[in-house]
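Note that the structure is a prediction, hence the values are computed from the model and not measured.
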Amino acid sequence: MNDLVSIIMPSYNTAEYIKNSIESVLNQTYTNWELIIVDDCSTDSTDEVMACFNDERIRYIKNEKNSGAAVSRNRALREAKGKWIAFLDSDDLWEAEKLEKQIRFMKETGYKFTYTDYRIQLNGTWLPYVYTGPDKVNERKMKNYCYFSTITVMYDREYVGLIQIEPVKKNNDYAMWLKIIKKTPCYRYPVCLSSYIKHEGSISSGSKLKLIKHHYIMWRVAEKKNPISATVLTVRNLFWGTLKKLKYKELLKEGCENASGPSTD
């Protein structure tokens, strides 16, 4: 339980939120981590916020030009030195025992790729659900839909190797999972340990048509599918995504942590 964890955090104009995100890392009960923040040429006061932190475990890197989250994540992954890779976006939060509990779960089970349950705060209001997913996601299910939030994921870098993705603007996290799932299934750790903070600047905005377009681009560019295959996979995403929203959430009972038991598949 003393392996290094590399935490990947892309940032862009989240000065209002990044302090809380970093503090949720500093508050972890598991302390052997490095936080790699790659800033994508923010135009707000992110630099001033970062100047407030003086911890040698935090590495703050700036892109030379605005390039998108995929490029930032790729760069952070190349810099990572840890056995474990975890992801936290610069406006989201972790429970204090997130790393400790998830690493213990992976060591006890031997799993190489896992995710946890999570909650959502929408414009300052907590939604009354814990968001779950299948207990096991194989390659076929991953092609159906991206069942989990980026901030819940952890994988064994020594087993998976270096992951690099095409610079797609949207769904670049999904593109990562599609690469990893070819090497190992992903397993659910049925404990709520992460909080996805949605606000006007972070909500996946735009028309349904634009969202569909980004799914298609992800399949065409990141996965290099031909137009027919990319169209079929996009339609499949829409179908399974609708089912996911209906099936994989549970009414919150006693707070976020330990709020959810194993899901049925």
Taking atom CG of L162 as the centre, report whether more than 12 heavy atoms of other residues, nucleotides or ligands fall under 6.0 Å from it. yes
The criterion is side chain to side chain contact (heavy atoms under 4.5 Å, CB included); which residues satisfy it with K249, sequence neighbours excluded? Y129, Y131
Any salt bridge (Lys or Arg N to Asp or Glu O under 4.0 Å) involving residues 5-14? Give me the pairs, sequence neighbours left out, ordered by first then second residue. none
Ring pair (Phe, Tyr, Trp, His ring centres under 6.0 Å) pairs, two or more places apart, involving residues 78-105: F87-W177, F105-Y111, F105-Y189
Could you tell me which non-hydrogen atom of C192 sits nearest to which non-hydrogen atom of R119, and how far apart they are? SG-CG, 3.6 Å
For N13, side-chain hydrogen bond (donor to acceptor under 3.5 Å, both in side chains) partners two or more places apart: T43
Tested for side chain to side chain contact (heavy atoms under 4.5 Å, CB included) against W219, the lone hit among K143, R236, H214 is K143
Among residues two or more places apart or on two chains, list those pairs meeting salt bridge (Lys or Arg N to Asp or Glu O under 4.0 Å) that have a residue in residues 64-73. R73-D89
Mind checking what makes side-chain hydrogen bond (donor to acceptor under 3.5 Å, both in side chains) contact with D3, not counting sequence neighbours? K107
Donor-acceptor pairs under 3.5 Å, side chain of residues 4-12 to any protein atom, not counting sequence neighbours: which ones?
residue: S6; atom: OG; partner: E34; partner atom: OE2; Å: 2.5
residue: S6; atom: OG; partner: K81; partner atom: N; Å: 3.3
residue: S6; atom: OG; partner: G82; partner atom: N; Å: 2.8
residue: S11; atom: OG; partner: D39; partner atom: OD1; Å: 2.8

Note: with side-chain heavy atoms under 4.5 Å as the link, the other cluster members for V221 come out as V168, I217
Results of side-chain hydrogen bond (donor to acceptor under 3.5 Å, both in side chains) for K224 - residues two or more places apart only: E166
Holding to side-chain hydrogen bond (donor to acceptor under 3.5 Å, both in side chains), I want the full list of residues that pass it with E23, two or more places apart in sequence or in another chain. K19
Can you confirm whether more than 12 heavy atoms, excluding those of E16, are under 6.0 Å from its CD atom? no
T116, T114, T152 screened by side-chain hydrogen bond (donor to acceptor under 3.5 Å, both in side chains) with Q102, the one that passes: T114
By side chain to side chain contact (heavy atoms under 4.5 Å, CB included) - contacts of S229 (at least two apart): K225, N226
Return a table of donor-acceptor pairs under 3.5 angstrom between the side chains of residues 46-54 and protein atoms on other chains or two or more places apart.
residue: T46; atom: OG1; partner: D44; partner atom: OD1; Å: 2.6
residue: D47; atom: OD1; partner: Y60; partner atom: OH; Å: 2.7
residue: D47; atom: OD1; partner: K62; partner atom: NZ; Å: 3.1

